[in-house]
Amino acid sequence: MMTPLLGRSLAELSDWVEAQGQPRYRGKQLYEWVYQRGIASLTEVTVFPKRWREQVAELPVGRSQVQHRLSSADGTVKYLLQLADGAIIETVGIPTAKRLTVCVSTQVGCPMGCTFCATGKGGFTRNLAKHEILDQVLTVQGDFGQRVSHLVFMGMGEPLMNLEQVVGAIASLNQDIGIGQRNMTISTVGIPQRIHQLAGYQLQATLAVSLHAPNQALRSQLIPSANHYPLEALLSDCKDYVATTGRRVSFEYTLLAGVNDQVEHAHQLAQLIRGFQSHVNLIPYNPIADADFRRPQGASLQQFSQILTDARVAVSIRRTRGLEASAACGQLRGQRLP
Ligand code: SAH
Ligand code: SF4
C-alpha cells in the first residue's frame, strides 16, 4: 500500500501531485488541506477536479478513526484511536486557559514494563509511524476546534525506543503543523545511549526524565529496565544533554504512598540532583488496575515538595487531569475499560 500523505513535506506532496499528472501548484493546496484543514480523505479536497478526486478517493491520507471519546469534568478528553492495521492507541487533549496540550502516544503498548503504569502492564505491540503521531495532534485539534499549542510525549510508549519516528514527527509538528519546539516535551524512562543520540539532534524541545526513585535499588524495583542503566550513568547522560543542548532537563517523580514518598527519599533526591540545572515534577500516583500502589495523601505530598524547595531544588506538583476518564498519567492502556 502507498505510504500515507500525512507526514510528507510540501515538496514531497508537490512531487506526488505531479507524478499523478496534475499541476504542481496543487501540491500546495494538498499540503494545506492535509495539515491545516485536517482532511481524512482526498474526496474532501473540493478545490481538486472532481474526476481526479474520484480516482484517488481510496488512497490513504493517514488518519485514524476515533473509536471512542471520553470526556472528563475538567475538560480533558481521551480518545481511543483505531489505526489502519486495527491497533488501538490513546491520545489525550488537555485544555488549560488559552493552551491546548496534547499528550501523544509513541508506541502501541510499551516494552518497558514499569510496575505502576497501565501501558507497561499491557505489553508491547509495535512502534508508531511518524504519520500516526501527527494524526493524534490533528485529531485533537479537529475535535476541539482549536489549535494545539503544547505537546507532551507522555502517552503510551517509550519515545526513545522509537527515536527516528519521534524526531521526524517533531520536525513536521514544527514546520507543517506549527507547534513551537519549545512547547514540546519528550518524556523518557531513560534508555542507554539514546539520550546522547537525542542530544545530537539539537532540538529545542524539553527532555523530561522519569526518575521515580532517589537510589538504584528502589528504582530498579519499580522500573525493570533500570537494572541495565545505573542511576549514575543516567544522571551523567542528563548532564551531557544539558551541556550539548543548553536546555534544562526536568525530572518526573511519580509518588507512590509508602514506597518512594518518605522523608528520607526526599532528602536523598535533593542530594542526588543538587546543583543540577533541573526542575522536578511530582506526580501523585494515579490508580490503575492490577497494581497495589496507593496515591499519597496531600500532607505527605506537600512535605516531600517542601524538603526539595528547602534544598533549593525547583519543584512543582503536577495537577491531576482527566482522572475519571482514566486519561491521567499512566492510565492509558489502549482498550476500553469494562
Ligand atoms: N515512557 C515515557 C513516557 C510515557 S509515561 C516515560 O515513562 O517517561 C509518562 C509519565 O507518566 C511518566 O513519568 C510515568 O512515569 C508516569 N506514570 C506512569 N504510570 C503512572 C501512574 N499510574 N500514575 C502517575 N504517573 C504515572
Ligand atoms: Fe512505558 Fe513510560 Fe509506562 Fe514505563 S511509565 S511502562 S516507560 S509508558
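Everything numeric here is computed off the predicted structure, so don't read it as measured data. Numbering of ligands and ligand atoms starts at 1, following listing order.
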What atoms in ligand 1 come closer than 4.0 Å to a heavy atom of [X]?
{"X": "Tyr285", "result": "21 (C), 22 (N), 23 (N), 24 (C)"}
{"X": "Phe153", "result": "3 (C)"}
{"X": "Ser210", "result": "6 (C), 7 (O), 8 (O), 12 (C), 13 (O), 15 (O)"}

Atom 8 (S) of ligand 2: any protein heavy atom closer than 4.0 Å = yes

Looking at ligand 1, is there an atom of it that comes within less than 4.0 Å of some heavy atom belonging to [X]?
{"X": "Gly157", "answer": "yes"}
{"X": "Met156", "answer": "no"}
{"X": "Gly155", "answer": "yes"}

Using a 4.0 Å heavy-atom cut-off, which part of [X] comes near ligand 1: side chain, backbone, both, or neither?
{"X": "Cys117", "result": "both"}
{"X": "Thr188", "result": "backbone"}
{"X": "Glu158", "result": "both"}
{"X": "Asn286", "result": "both"}

Is the shortest N/O to N/O distance between His212 and ligand 1 below 3.5 Å?
->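 Between His212 and ligand 1, an N or O pair is found under 3.5 Å apart.
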
Within-cut-off N or O pair, Met154 and ligand 1, under 3.5 Å =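 No; every N/O pair is 3.5 Å or more apart.
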
Sub-2.8 Å protein N, O or S atoms surrounding atom 1 (Fe) of ligand 2 |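 Sorted hits: Cys110 SG.
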
For residues 255-262, which side-chain N or O atoms pair as donor and acceptor with protein atoms under 3.5 Å away, sequence neighbours left out?
{"from": "Asn260", "atom 1": "OD1", "to": "Leu256", "atom 2": "N", "distance (Å)": "2.7"}
{"from": "Asn260", "atom 1": "ND2", "to": "His212", "atom 2": "O", "distance (Å)": "2.8"}
{"from": "Asn260", "atom 1": "ND2", "to": "Thr254", "atom 2": "O", "distance (Å)": "2.8"}
{"from": "Asp261", "atom 1": "OD1", "to": "Gly258", "atom 2": "N", "distance (Å)": "2.8"}

